[in-house]
Number of protein chains: 2
Amino acid sequence: MSEAASATARTALQGAPSKGAALQKDLSVEGPCGGRPYHHGDLSRALVMAGRRILEAEGPTALSLRAVAREAGVSPAAPYHHFKDKSELLDAVAEEGWRELGVAIGKGRGGAANPKMAMIEIGVAYVSFARQNPALYRLMYHAACDREMMPDHAKDADSGWRHVAEAIIEAGADPNDEQDMALAQIAAWCNVHGVAEMAGFKEFEPLKEALGGEEPFVRALLSHVGIFARRPKTPYE
Amino acid sequence: MSEAASATARTALQGAPSKGAALQKDLSVEGPCGGRPYHHGDLSRALVMAGRRILEAEGPTALSLRAVAREAGVSPAAPYHHFKDKSELLDAVAEEGWRELGVAIGKGRGGAANPKMAMIEIGVAYVSFARQNPALYRLMYHAACDREMMPDHAKDADSGWRHVAEAIIEAGADPNDEQDMALAQIAAWCNVHGVAEMAGFKEFEPLKEALGGEEPFVRALLSHVGIFARRPKTPYE
DNA sequence: AAGATTATCTTGACGGCGTTCAGATTCATG
DNA sequence: CATGAATCTGAACGCCGTCAAGATAATCTT
């Protein structure tokens, strides 16, 4: 189901046979270029990739530090030379997810017919990513909630957060009304997150089918909420 | 010894603030009262309460089956006579949470100035509950996501789900347009969930302060999204 | 009232987990 | 080539979820 999901990620993960031996060798062979590789190869990278692979293949409950080490072909204690503890490793996996999500959002935004549609396309891309990598998305959000903030690189050029801010302005918001800008951005983010986590619920199945599939369903949901229609600040009195 | 343990448990719970005051039953030595009590007393109830207490006091990572049993004063294997496994116990804790949330939502709805305001009040009550019981809320949602559906009792009279449906109709929606009804209900739920999980993020702090606190912030967010304003189905073309 | 039956709880064990630490190995460099 | 630092291993600790076997108490039958 989520197999076709991360074609982009898959290339990155490609050629990773289960045992670490081959992986180690490959990494150490291409070593001399960057000056990065260490004793074992770039283990820290390998661990993150192994973590993601386990997440996709066997689900979040199987994602133990020991399993990751096993998959990477090292002892259970090895990761501790690259990450303070398990949660730091998981953070690294999550961060990669956020980066990919940013790229996906950028693509969605770029494919919009006009600036006013961009926000919806962004939302669709966001939800679509979350639905195709559910375990990863949960991990990402878990990490964010734990530290009670968005990932640090949210300010980066290709981050989803940035895309949203720009799209809102392009859609006609007044960039000088900081408060309204922030509200729009936050509201969009909250909404799209809710949809991402609930779109798979089974009680919505009939409606999904009536609308012709999950993507139309998501579109309808986002449109219905008027995700970024500019509107008076207080619709009720 | 079971008596003593459950006594400590009870006093500990009474120390806990906020809700659940009415919830705790009299587990004291009342032999032939309800026909329910068993060997130990109502252990299954006691376990759920212990679970909740640990969740609030020490966070989700401390919430182990063994810790719950310890807190309830029984052996680590005792819970297995009442719950199939750990996750079933957690489900029971979550279910209690959903019930409380339903009540909170009902109160919010009842306190609304007029039918059109009811939806916002519901949203505020929802987010407020989630923010006051963050660990419990996460647990609730985790359980729902795992089974990919809302809790079973969502159809009950005092469930939040029901309240939302009724409030939407009272606000003027056409109850015969099933599709639109469902969309409104789902969109509301998604949005409010997103706000609930993100309202605590630190990057929103300045905006919160500018708006005068967290509740105004939440109100602004919900209003901005036009959470339940009736609107044309496709705001963009 | 006494014995049989069932439900409940305890004890003890198993394997897996995250984490630590002392020691072995390999790398970079002088 | 020697030395010191970075990297990995092996074994150990305590906690976890879970299970099987036995002890204990409540309930039911007669």
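In the text below, chain A, chain B and the rest are named by the order of the sequence lines, each starting its count at 1. Everything quoted here is computed from the prediction, not taken from an experiment. Atoms considered below: every heavy atom in the structure, side chains included; atoms not considered: hydrogens, waters and symmetry mates.
C/dC9 atom P lies 11 Å from atom CZ of B/Phe83, rounded to whole Å. At whole-Å resolution of the value, CZ in A/Arg70 and P in C/dG15 are 14 Å apart. Atom CG in B/Asp42 sits roughly 13 Å away from atom C1' in C/dT8 (whole-Å rounding). For the pair B/Lys84 NZ and D/dG17 P, the computed distance is 14 Å after rounding to whole Å. To the nearest angstrom, P of C/dG16 lies 17 Å from CD of A/Glu71. Atoms NZ (A/Lys86) and C1' (C/dG16) sit 12 Å apart, rounded to a whole Å.
The side chain of A/Tyr80 lies closest to C/dT19, out of C/dT10, C/dT19, D/dT18. The B/Val74 side chain lies nearest to C/dT10 when the options are C/dT10, D/dC8, C/dC17. In the set D/dA20, C/dT20, D/dT7, the nucleotide with an atom closest to the side chain of B/Ala77 is D/dA20. The listed nucleotides are C/dC9, C/dT20, D/dC8; the one nearest the side chain of A/His82 is D/dC8. When each of C/dT19, C/dC9, D/dT18 is scored by its nearest atom to the side-chain atoms of B/Leu43, the top-ranked nucleotide is C/dC9.
Judged by distance alone, the side chain of B/Glu95 and the main-chain N or O of B/Pro151 form no donor-acceptor pair under 3.5 Å. No side-chain donor-acceptor contact under 3.5 Å links A/Glu209 to the backbone of A/Glu205.
Using cut-offs of 30° and 60° for the angle between ring planes, the A/Trp161 and A/Trp189 rings count as perpendicular.
A heavy atom closer than 4.0 Å to some atom of DNA chain C occurs in A/Ser64, A/Leu65, A/Arg66, these being the qualifying members of residues 61-69 of chain A.
With no hydrogens or angles considered, a side-chain donor-acceptor pair links A/His193 and A/Tyr137 at under 3.5 Å.
Annotation: side chain of A/Arg109 is not in contact with side chain of A/Glu121 (no heavy-atom distance under 4.5 Å).
DNA chain C is contacted by both A/His81 and A/Pro76; A/Pro76 maps to the nucleotide lying nearer its 5′ end (nearest heavy atom per residue).
For B/His163, there are no ring pair (Phe, Tyr, Trp, His ring centres under 6.0 Å) partners two or more places apart in sequence or in a different chain.
Atom CG of A/Asp152 has 12 or fewer heavy atoms from other residues, nucleotides or ligands within 6.0 Å.
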